[in-house]
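Quick notes on the structure that follows.
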Amino acid sequence: MSTNKSNITLTGLARRFVDDGLLDESTAKDAFLQASQNRIPLITYLTQNNLADSSKLAFSAAMEFGVSVLDLSAFLPEMMPEKVVDEKLVRKHNALPLYKRGNRLFIAVSDPTNIQALDEIKFNTGLSTDAILVDDAKLREAIDKYLESQDTSMGDLDDSDLEGVETEGGEQEDDGAVVTSEVDDAPIVKYVNKMLLDAIRGGASDIHFEPYEKVYRVRYRTDGILKEVSRPSIKLAPKISARVKIMAQLDISERRVPQDGRIKMKLSKTKAIDFRVNTLPTLWGEKIVLRILDPSQAKLGIDVLGYEADQKEMYMDALKQPQGMILVTGPTGSGKTVSLYTGLNILNTPDINISTAEDPAEINLEGINQVNVNNRVGLGFAEALRAFLRQDPDVIMVGEIRDLETANIAIKAAQTGHLVLSTLHTNSAAETLTRMMNMGVPSFNIATSVSLIIAQRLGRRLCSACKQPFDVPKEVLVEEGFTQEQIDTGFTLYRPKGCDKCNGGYKGRVGIYEVVKITDELANMIMEEASSIKIARQAQAEGFRNLRQSALMKVIEGVTSLEEANRVTKD
């Protein structure tokens, strides 16, 4: 299915990065394999997954090829030649046209080995091409700005509508015509479009439209934290609600029951963002929450998710098994779907048949057969699973195990030569096992089918540009849960400060994981129906870190703050 990394001999840039101390041998081989499978340059993969500093990679590559590095910040998008190179080529090759002199076009690239990019651009433009080496992170940022400045399909926020917005309905099946006269006002259309675009640009994961008795507010959830961004007049609440419902093709005349829908916003010819929409009747009107779905999250690779080396190895080993069950657990919004889809993306090869049942499917991946469950027409998780088993599956993903029937079918599949991935809503790995027992699943079936459990949370990453070191007394470190060995070894604690590059000292999020492999001893305890407390103690004794210990490791590594670790893993 894939090349064994032990058979890889590092050469060229990969070898240079190891020799320069930017990567260790194992990480370099893993990155080389993942970059090859994802068909992206090695430098781009390393930068996207935060495996090495992009500026150091650029200088190392420059030394390898005997060229200089250009600082892209000196170039403004409006100074670059317009529409010389097709947008698809710019995206495909991560190559940006910088300037044109006579018949020569100078192209910014982060990978000096990318000869194909120069040849293809030369063929399409009829111009001679010269490569200029730049920092990969700055290059991707510059490409986004350049294409945004060239792209007319995004429209202007002052216009009465956003050109290119497409909508598709949820599960509504009636043929009734929707009356839209009450939201034909250009200001309402502009306002809603602006809220959606601002949320995308700000990296938000959710948008909340909330009516109250005397106020109406809009909040974004960014890096897991809700923040108020707007307070339109309460008189506009019905019109804003109706506008969002029309975009999601919901029934605007129905305000008494919750509704689910979907919006697809086309930002350019090659980029579209999906929103999952849910309405909820409240005392003072309908609260609407939009979940922003970003398919690119599943393609980032496992290295960017935040697994420690041993945890990643256990997950990868479980994915390589021909049968068994991998369970991911945690509260809503803890990144379970991204963890599952990262695994599915690794398994997604032409020789593997993968089917998923979800409610609803949040990330669309080519090569995976995805089914939205629809209980109204009798297509639940159990029914979908039965159908999958008649479709010659290799890998099955169940969005959530909610009842005994679904659990039993999933376990049967895991015991009969299929790899099954699913989620449960519990707080820890040990509680996942007892939750299944409480559902009524025989303990013997749990012990013989479940191979790996991942409990997870999402914590905010400290901004690398402004994080500040600070001292904490040793007795406080002991109280927080750090071991004496960790304290004696020494480490630096960081706290957030805040700058123009981040949100209050944090930028992005990182996964915090408890990964437990079902060993023989744990399997015996499951068959004896031991409590979650005893199972957790045994997991600790066998060296599996719990969520708190994993969070403290992220603090030691300087990835997050002690304050954030306490927020997401309170005892």
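These figures come from a predicted structure and were not determined experimentally. If you read the sequence from its start, that first residue is 1, and numbering goes on from there. Computation of the quantities below employed the complete heavy-atom set of this structure, encompassing side-chain atoms and omitting hydrogens, waters and symmetry-equivalent molecules.
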Taking E286 as the fixed residue, which of R256, Q259, K245 is the one that meets the side-chain hydrogen bond (donor to acceptor under 3.5 Å, both in side chains) rule? K245

Rounded to the nearest 0.5 Å, what separates atom [atom1] in [X] from atom [atom2] in [Y]?
| X | Y | atom1 | atom2 | result |
| --- | --- | --- | --- | --- |
| E475 | I487 | CD | CD1 | 9.5 Å |
| L404 | I409 | CG | CD1 | 9.5 Å |
| K507 | T222 | NZ | OG1 | 13.0 Å |
| S550 | Q456 | OG | CD | 11.5 Å |

Taking the side chain as every heavy atom from C-beta outward, state whether [X] and [Y] have any pair of such atoms under 4.5 Å apart.
| X | Y | value |
| --- | --- | --- |
| N348 | I354 | yes |
| I273 | I292 | yes |
| I326 | S451 | yes |
| I263 | L290 | yes |
| H208 | V218 | no |
| L547 | Q549 | no |
| T489 | F491 | no |
| L196 | M265 | yes |

Set of salt bridge (Lys or Arg N to Asp or Glu O under 4.0 Å) partners for E563, sequence neighbours left out: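 By the salt bridge (Lys or Arg N to Asp or Glu O under 4.0 Å) rule, E563 matches no residue at all.
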
Thinking salt bridges, do [X] and [Y] make one under a 4.0 Å N-O criterion?
| X | Y | value |
| --- | --- | --- |
| D223 | R460 | no |
| E564 | R509 | no |
| E308 | K554 | yes |
| R219 | E228 | no |
| D310 | R545 | yes |
| D24 | K29 | no |
| E405 | R386 | yes |
| K517 | D317 | no |

Is the terminal nitrogen or CZ of K467 (NZ for Lys, CZ for Arg) located under 6.0 angstrom from the six-membered ring centre of Y494 and within 45° of that ring's axis?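 Yes.
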
E542 side chain to A539 backbone, donor-acceptor under 3.5 Å: no

Taking the inter-plane angle between the rings of Y307 and Y315 on a 0 to 90° scale, is it parallel (under 30°), tilted (30 to 60°) or perpendicular (over 60°)? tilted

For R276, does the CZ atom sit with more than 12 other heavy atoms under 6.0 Å from it, leaving out its own atoms?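 Atom CZ in R276 is packed in, count exceeds 12.
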
From CA spacing to verdict: side-chain hydrogen bond (donor to acceptor under 3.5 Å, both in side chains), T483, E485: CA-CA 5 Å; T483 66; E485 183 183 353; 5.2 Å; no

Salt bridge (Lys or Arg N to Asp or Glu O under 4.0 Å) between K534 and E529, worked out: CA-CA 10 Å; K534 290 182 178 178; E529 299 188 2; over 6 Å; no

